[in-house]
Amino acid sequence: MPELPDLEVFAANLEKRFKHKTLERLKAWVIKKLNVSEKELRDQLQGRKLFAVKREGKTLQLHFEGGNVLGLHLMLHGELKTFKHEEELKHPIISLCFKDADGFALTDFQKAATPTFNPPSSDVPDALSDEMSLSYLERILAKTKKPVKTLLMDQHVIRGIGNTYADEILWAARISPMSLSKAIPKAKVKDLYHLIGTLLRKEIAQIGGAMSDQLSGEIKDFLKIHGAHIKESPTGKKVQVTKIGGRKSYFTDEQELFQ
DNA sequence: TAGAATGTTACAGG
DNA sequence: CCCTGTAACATTCT
């Protein structure tokens with residue numbers, strides 16, 4: 001469920017709760033999408049200390065003592081749930097019990113959320129990484145006829161931006177989400193580039209401030225146009241709705257359509 | 001109460 | 001073969 005800013009906050013909050021704790025027991029409830037056996041996961045991770053939790057694209061990565069990493073992708077409906085007794089979990093995918101702490105689990109009623117042992121590193125730049133340069137954005141936009149929103153959300157091109165923040169970023173940049181990627185003028189691409197970084201970072205700070213130490217939930221308080229309940233943009237223009245790539249998209253006529 | 005849900009992927013069609 | 005758009009996935013919530 002969460003998008004990049006939420007995941008960033010969850011990563012920080014997982015560290016707050018579990019950093020330096022030893023993983024006592026791991027249980028894989030749904031193994032269909034796991035890239036290794038439950039036994040190998042246990043052999044490699046149980047008894048090890050968690051020393052960092054990072055966000056990479058739309059995944060969380062748990063770094064354990066010994067150099068092994070457990071990646072978690074929440075997909076559309078995945079959630080992190082703390083628990084005292086794992087039998088109480090609804091739709092668990094994988095659960096982790098730590099010494100001298102509660103456990104936490106990845107759950108997903110759709111069974112789509114995926115744990116990955118030692119996820120391979122990616123060449124695709126994360127939206128908040130140094131590799132995400134203006135020249136890179138110019139290059140990929142020039143290459144495609146897809147609507148710009150579709151491109152921003154394409155995880156094979158930029159990692160981390162989802163449906164909600166694609167709308168938010170494009171409204172901030174005053175670019176219509178339906179704009180033909182290659183038709184966007186250079187000056188506008190520059191605006192877009194800077195807004196990706198500043199908007200996401202601002203959102204992380206705001207959500208972080210509002211979340212205390214939560215690991216789940218959605219804070220939509222800071223969204224400006226994405227959401228059925230939002231009728232007007234902050235500048236008082238009517239919010240319009242359409243579907244792009246099968247996903248609801250919110251925009252206003254303040255956003256210029258390039259085609 | 002039928003439809004929508006912040007994602008990804010396989011597949012169809014051009 | 002490359003590019004783009006659509007449907008399916010399984011369940012819950014409104």
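A, B, ... follow the sequence lines: proteins, then strands. Residue 1 opens every chain.
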Asker: For C:dA7 versus B:dG3, give the span between their P atoms, rounded off to a whole number of Å.
Answerer: 14 Å
Asker: Under the criterion salt bridge (charged side-chain N to carboxylate O under 4.0 Å, His left out), I'd like the reasoning laid out for A:Lys84 against A:Asp102: C-alpha separation, chi angles, the key distance, then a yes or no.
Answerer: CA-CA 6 Å; A:Lys84 292 217 160 48; A:Asp102 287 341; 3.7 Å; yes
Asker: Any salt bridge between A:Lys237 and A:Asp253, counting N to O under 4.0 Å?
Answerer: no
Asker: If I take atom CZ in residue A:Arg55 and atom P in nucleotide B:dT6, what distance separates them, rounded to the nearest angstrom?
Answerer: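 Spelled out: CZ on A:Arg55 to P on B:dT6 is 19 Å.
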Asker: Considering only atom P, compute the distance from B:dA10 to C:dA10 and round it to an integer number of Å.
Answerer: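 Per the computed distance, 15 Å lies between those P atoms.
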Asker: With ring centroids as reference points, do A:Phe51 and A:His20 lie under 6.0 angstrom apart?
Answerer: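 So the answer is no for these two rings.
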Asker: Could you run down nucleotides 9-14 of chain C 5' to 3' and tag each one B, S or - for protein heavy-atom contact under 4.0 Å?
Answerer: BBBS--
Asker: Whether the side chain of A:Lys39 engages the backbone of A:Val36 through a donor-acceptor N/O pair (distance < 3.5 Å, no angle test) should be reported.
Answerer: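 A pair under 3.5 Å: no.
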Asker: Whole angstrom is fine here: how far is it from CD1 in A:Ile244 over to P in B:dT6?
Answerer: 13 Å
Asker: Scan residues 147-158 of chain A for pairs that pass salt bridge (charged side-chain N to carboxylate O under 4.0 Å, His left out), counting only residues two or more places apart or in two chains.
Answerer: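 Listed by first then second residue: A:Lys146-A:Asp154, A:Lys149-A:Asp167.
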Asker: Could you please name the partner base of B:dT6, counting Watson-Crick and G-U wobble pairs only when both distances are under 3.5 Å?
Answerer: none
Asker: Considering only NZ, NE, NH1 and NH2 on the basic side and carboxylate oxygens on the acidic side, decide whether A:Arg55 and A:Asp126 come within less than 4.0 Å.
Answerer: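 Yes, this pair counts.
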Asker: Tell me: NE2 of A:His229 to C1' of B:dT6, nearest whole Å?
Answerer: 13 Å
Asker: Near DNA chain C, which residues from residues 141-169 of chain A have a heavy atom under 4.0 Å away?
Answerer: A:Thr144, A:Lys145, A:Lys146, A:Pro147
Asker: Using the P atom in both, what is the distance from C:dT14 to B:dT6, to the nearest Å?
Answerer: 14 Å
Asker: For a quick check of understanding: with a heavy-atom distance under 4.0 Å over all strands, which category does A:Lys248 fall into, base, sugar-phosphate or nothing?
Answerer: sugar-phosphate
Asker: Measure the acute angle between the ring planes of A:Phe64 and A:Phe98, then classify it against the limits of 30° and 60° as parallel, tilted or perpendicular.
Answerer: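 Rings of A:Phe64 and A:Phe98: parallel, under 30°.
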Asker: Distance check needed: B:dA5 C1' versus A:Lys220 NZ, whole Å only.
Answerer: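 Rounded to the whole Å, the gap is 9 Å.
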Asker: First locate atom CG of A:Leu41, then atom CD1 of A:Ile94, and finally report the distance between them rounded to the nearest 0.5 Å.
Answerer: 5.0 Å
Asker: First locate atom CD of A:Glu8, then atom NZ of A:Lys54, and finally report the distance between them rounded to the nearest 0.5 Å.
Answerer: 9.5 Å
